[in-house]
Amino acid sequence: MARIAPVTPENVNSKSEQLLQGVEKALGVRPNMLRAMGQSPAVLGAYVGFGQALGGASISGALREQIALTVAGVNSCDYCASAHTLLGKGAGVEEGELADNLRGASSDAKTAAALAFAASIVNKKGFVSDADLASVREAGYGDAEIAEIVATVAVNIFTNYFNHVAQTEIDFPHVDAGETAAAAAAL
């Protein structure tokens, strides 16, 4: 059972309702995570605003979904693993690739470098090494793209932690991030 209850049509405040209407228009649904964030219009607004801002990023929507999966894998967030697997499919990423991305891997060398950098950011709490930064640059990412990778990691850490605290009920086809991460560690 969720520890932060999703808002309902009967108890949602007007600001959260307005934001949720925008989400529903864009996605066709009101995900449980966003409905739980709707308890605070400030929290929901911050998340929606962050996502809208990253929509103008130079890194692709597909790569942002792949990074989200890597962060979900590192943080064992089943809700985000489930949501971003579905969203990643919608962004055109192949199903097998999405499973690899959850483990921080990719069949594409440039994507693999971005995912390794994202995992390093999470694992090292942002204190990446010069070698970590050199690797992502050698793969072809410039400073603007690196900044966008950091921002994508940050917003996904927020959602992972929110879901851990809230114990958000998964309303997407379920993907077990912990099981996938454990399988990757065994390889």
Can you tell me how far apart CG (Leu19) and CG (Leu34) are? Round to the nearest 0.5 Å. 9.5 Å
Over all atoms of both residues, closest heavy-atom pair of Leu86 and Pro173: CD2-CD, 4.3 Å
Between Arg35 (side chain) and Val7 (backbone), is there a donor-acceptor pair under 3.5 Å? yes
Listing request: all side-chain hydrogen bond (donor to acceptor under 3.5 Å, both in side chains) pairs with a residue in residues 140-152, at least two apart in sequence or in separate chains. Ser58-Glu148, Arg137-Asp143
Expected output: side-chain Asn13 to main-chain Ser16 donor-acceptor under 3.5 Å: yes
Looking only at side chains, do Ser106 and Gln66 share a donor and an acceptor under 3.5 Å apart? no
Side chain of His164, backbone of Asn75: donor and acceptor closer than 3.5 Å? yes
Given Gln21, which of Glu17, Glu24, Lys25 fulfils the side chain to side chain donor-acceptor pair (under 3.5 Å) condition? Glu17
Quick check against the 3.5 Å criterion: does Asn156 have a side-chain atom that pairs as donor or acceptor with the backbone of Val71? no
So, Asn163 versus Thr168: side-chain donor-acceptor pair below 3.5 Å or not? yes
Apply the test ring-ring contact (aromatic ring centres under 6.0 Å, His included) to residues Phe162 and Tyr47: give CA-CA distance (whole Å), side-chain angles for both, the deciding distance (0.1 Å), then the verdict. CA-CA 11 Å; Phe162 182 88; Tyr47 176 72; 8.9 Å; no
Looking at OG1 of Thr70 and CG of Asp100, how far apart are the two atoms once the value is rounded to the nearest 0.5 Å? 10.0 Å
Donor-acceptor check, side chain of Glu65 to backbone of Thr85, threshold 3.5 angstrom: yes or no? no
Between Val175 and Ile170, is there a shared hydrophobic cluster once you connect ILVMFWY residues whose side-chain heavy atoms come closer than 4.5 Å? no
Separation between CD of Glu169 and CZ of Arg3, rounded to the nearest 0.5 Å: 14.5 Å
Using 0.5 Å steps for rounding, measure from the CG atom of Leu63 to the CG atom of Leu115. 6.5 Å
Does the side chain of Asn160 pick up a donor-acceptor pair with the side chain of Tyr79 at under 3.5 Å? no
Mind checking whether Pro31 and Val23 have side chains closer than 4.5 Å, heavy atoms only? yes
Apply side chain to side chain contact (heavy atoms under 4.5 Å, CB included) to the pair Asp176 and His174, showing each step before the final yes or no. CA-CA 7 Å; Asp176 188 333; His174 189 268; 4.0 Å; yes
Can a side-chain donor-acceptor contact be found between Asn11 and Thr8 if the only test is distance below 3.5 angstrom? yes
Linked, directly or transitively: Phe50 and Ile59 (ILVMFWY side chains, under 4.5 Å): no
Less than 3.5 Å apart, any donor N or O on the side chain of Ser120 or Asn123 sitting next to an acceptor on the other? no
Minimum heavy-atom distance between Val12 and Leu20, given as atom pair plus value: CG2-CD1, 4.2 Å
